[in-house]
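Report on one structure; see the data block that follows.
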Amino acid sequence: MWSRNNAVPALAAAAGLLVCASIALIFFWIPEDADQGISQKIFYFHVPIALTAYACFGWGALKAFLHLWRRPPGADLESYVAIHQGVIFGALTLITGSIWARASWGVWWAWSSEQLVLFLVLFLFYSAYFMLRFSVEPGPARANLCAVYALFGVVLIPISFLAIRLANDFIHPTVFTSQGPQMAGSMFFTFCVAWAAMLTLAAALYHIELAGKRLDVSLRELRERLA
Amino acid sequence: MSGYLRDVALLTRKDVLLELRARDAVPALLLFVVSALVVFHFALPADAAELAAKGMLWVAILFTALLGLGRAFQAERQQSMLDGLLLAPCDRSAIWLAKTLATIVFLGVAELVALPAFALFFSALDWETVAGIALANLGICAVGTLVAAMALASRARELLLPLLFLPLAIPIVVGGVGASVADDGGRYLGFLALYDAVFAIISWASFEYVVTE
Amino acid sequence: MISARRLGKRFGRKRALDRVSFDLAKDGFLLVTGANGSGKTTLLRLCAGLAAATSGELEVRARREEIGYVGHEPLVYRELTALENLTLFARLYRVPAGEARVGMLLERFGLWEERGSRAGDFSRGMLQRLALCRALLHDPELLLLDEPYNALDARGAEVLDRELKDLAGARTFVVATHDPDRVSALATARLAFA
């Protein structure tokens, strides 16, 4: 079957090309930022990675919802793998955000950065998801628990965002905005390429991990049948 | 009264009766919340602001609730009574609603002592704080009961509950502390009400999936 | 009433039930035999809707209020009295004239004198009788009994014998036991697990 054997390598190749292209654009095409210099270029990594993490969490919640609604086989595994990718990209968001904070404000951590705080909350939440998943016997009960918790996650994202915005009002009365000057056309194009690169990369990783996990399951079944 | 509400009332009364018989939770919650306030007195420097004490009050309430939630399904756990309730023809969400109401009652009783104690030890309370606590109780117990049922299924029950619960409770703390310390407390009360509504609905809708396969 | 096709259930890597198929007509009596850990309890839990199969198909044509279940645990609250437990379930099951029915069952199973004692103070045998009362309370169409003679003394076992004999042919039974002699005369179908 072409689709099964070639789709993942094709996706991986596309991801590789797009990542290379975005790096080339970021470092050699767009001009350096007048205020922040080279350090501003991390914006083209940080924001696409964060948006990709949201996409992964959303995809995981969608699969979780499908599992609860229609019970298609495999939806539980797909939801888990999507959230796993989401947590990887979420951790990268925290790391790149922290570097950016260091470069522009001289501190490794800034509670005033809403995006950073939100990702910390989400990182804690989804780490708890893994704790839940690994402390329950695999089976239909675990699939349900994980699906419900994953759904709580996507509800928590906007609620937490709102909460953090409200908290900044009483913890840091001066409202901080990361809104820089309006993006020029070349910057916007670069940003879109970088975002597409990250999304394709996440999709490729998702399919690779899924294929591996499915292989594990088939192997175990085969072994049991032989035993 | 419709059948659904009758089931909820029956199950809530059962939980309150069990608590009156066994006295498992409420005395422990009372002792814990007062002890926590005393600890906070020594944890706060002498010239700490009143605002810091109010923040501590919220920490005390959150952890007291966590202690209570850990015991919420105690009776069901010991005798696999959850199976007994699941076999009954009542809607599964009625089990969640009854447990949530019972937990609100127990937490409320603990707070009836904790709030005057706070006023005595630290500073007087304004109505925004009290309203915030009432609203927060709903959210804490609604989400907490669902998460406690989740933790029930796992091997690391006691360990897992706080891990699952605290990230979900962060918005409650923001809303509660905001209502206590900000000038325009009403905005934060509104946020707490929003949180309660959103999470109560999804907890109500998803409880069945948590307890069945 | 029940039809199972290649029914399977696994807990993690352990296979508790492996490709079980059977049909049970309405008012039939299925006797499930087998050693401890052979999957009897799992099968009954699947039929009661307390667990979901991991493979195969299972159809149980009975609503939840039409099922009576006796499992390993008595499924009563230890801090409540025998009477309070049964009254609670009578209300949850909407048993008409619940109080009279509760009283009659307590009487029949020899628990009337003990109705005001906490279930937690009961002996194993008394708890089993209470569990049987709870399962029979709403006069269910389908009775799923997992080792119903467990811990019963001679008198309790006789009461249960009589109860089963009265209901056999008028209700559907699935009875799991490792000691089939007591009920084998009533069985219309058998399922033996290795």
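Note on naming: letters A, B, ... go to the chains in the order of the sequence lines (proteins, then strands), and numbering restarts at 1 for each one.
Contact of C/E65 with chain B is made through backbone and side chain together, with heavy-atom distances under 4.5 Å. In this structure, chain B has a heavy atom under 4.5 Å from the side chain of C/E84, while its backbone stays farther away. Contacts between C/R118 and chain B at a heavy-atom distance below 4.5 Å are absent for every atom of the residue. In this structure, the portion of B/L17 lying under 4.5 Å from any heavy atom of chain C is its side chain and not its backbone. For C/I67, no part sits under 4.5 Å from any heavy atom of chain B, backbone or side chain. Proximity to chain C is absent for every atom of B/T212, based on heavy atoms less than 4.5 angstrom apart.
Counting heavy-atom pairs under 4.5 Å between each of C/A48, C/G49, C/A52, C/G71 and chain B puts C/A52 at the top. In terms of heavy-atom pairs under 4.5 Å with chain C, the best-connected choice from B/C90, B/G84, B/A88 is B/A88. With chain B as partner, the option from C/F89, C/Y69, C/Y77 having the largest number of non-hydrogen pairs under 4.5 angstrom is C/Y77.
For the residue pair B/N137 / B/E111, a side-chain donor-acceptor distance below 3.5 Å is found, with atom types taken as modelled. A donor-acceptor contact closer than 3.5 angstrom links the side chains of C/Y149 and C/D161.
Using a 4.0 Å cut-off between charged side-chain N and carboxylate O, C/E141 and C/K26 make a salt bridge.
For C/K40 (side chain) and C/A35 (main-chain N/O), a donor-acceptor pair under 3.5 Å exists by modelled atom type. No side-chain donor-acceptor contact under 3.5 Å links B/S203 to the backbone of B/A200. Judged by distance alone, the side chain of C/T188 and the main-chain N or O of C/F29 form a donor-acceptor pair under 3.5 Å.
Taking the six-membered ring where the residue is Trp, B/Y4 and B/W204 present perpendicular rings, their angle passing 60° and hence far from 30°.
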